[in-house]
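Reading through the structure tokens given below for one structure.
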Amino acid sequence: MRLKNIDGFTLVELMIIVAIIGILAAVVSPRFNSMIQTSKDADVKSKLGIIRSALNIYYANNLANFPVGPEGSNQTTLQDTL
């Protein structure tokens with residue numbers, strides 16, 4: 001019993017494809033790492049904005065007083081923040 005003639009890729013063609021994928025990965029990898037750092041920076045800025053909003057709400061609800069630190073050392077007023 002003979003097998004049908006099946007067309008496929010040669011080893012040289014597969015090696016060329018692997019080389020192209022390796023080159024693309026080498027080019028894209030640094031860009032991907034910088035995008036990860038950019039997204040982490042944006043996340044931190046977002047969380048700082050949330051904290052700022054919470055402090056402004058606290059300030060408005062507590063007769064223009066900011067929250068006091070753990071030892072009562074925070075004497076910040078609105079004029080100090082401007």
Side-chain angles (χ1 to χ4, degrees):
M1 181 185 249
R2 296 184 96 202
L3 295 174
K4 293 181 181 179
N5 189 10
I6 301 173
D7 292 331
F9 295 108
T10 64
L11 182 60
V12 173
E13 291 170 335
L14 292 175
M15 293 299 290
I16 290 171
I17 291 171
V18 169
I20 290 172
I21 291 173
I23 291 170
L24 289 174
V27 169
V28 172
S29 180
R31 176 81 174 165
F32 184 69
N33 289 337
S34 69
M35 289 171 59
I36 289 174
Q37 186 60 43
T38 303
S39 69
K40 287 180 180 178
D41 292 344
D43 182 47
V44 169
K45 288 179 183 178
S46 166
K47 290 177 181 174
L48 286 173
I50 292 169
I51 292 170
R52 183 182 307 119
S53 296
L55 283 172
N56 285 332
I57 292 169
Y58 184 92
Y59 180 82
N61 289 339
N62 289 288
L63 305 172
N65 290 317
F66 282 110
V68 178
E71 296 179 10
S73 61
N74 186 6
Q75 300 299 324
T76 307
T77 63
L78 182 60
Q79 294 299 324
D80 294 337
T81 60
L82 299 178

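Model, not experiment: these values are computed from the prediction.
- Distance alone, capped at 3.5 Å, places no donor-acceptor pair between the Ser46 side chain and the Ala42 backbone.
- Two residues are said to be in side-chain contact when any heavy atoms from C-beta on lie closer than 4.5 Å; Ser39 and Asp43 fail this criterion.
- When hydrophobic side chains of Ile, Leu, Val, Met, Phe, Trp and Tyr are connected at separations under 4.5 Å, Ile36 ends up clustered with Phe32.
- Applying the side-chain contact (heavy atoms from CB on, under 4.5 Å) criterion to Phe9, with sequence neighbours excluded, gives Glu13, Leu14.
- For Asp41, there are no salt bridge (charged side-chain N to carboxylate O under 4.0 Å, His left out) partners two or more places apart in sequence or in a different chain.
- Residues satisfying the side-chain contact (heavy atoms from CB on, under 4.5 Å) criterion with Leu55, sequence neighbours excluded, are Ile51, Pro67.
- The hydrophobic cluster around Ile16 extends to Val12, Ile20, Leu24, counting ILVMFWY residues whose side-chain heavy atoms fall within less than 4.5 Å of a member.
- Put simply, CG on Asn56 and CG on Asn61 are 11.0 Å apart, with the number rounded to the nearest 0.5 Å.
- Under the 4.5 angstrom side-chain criterion for Ile, Leu, Val, Met, Phe, Trp and Tyr, the cluster partners of Leu48 are Val44.
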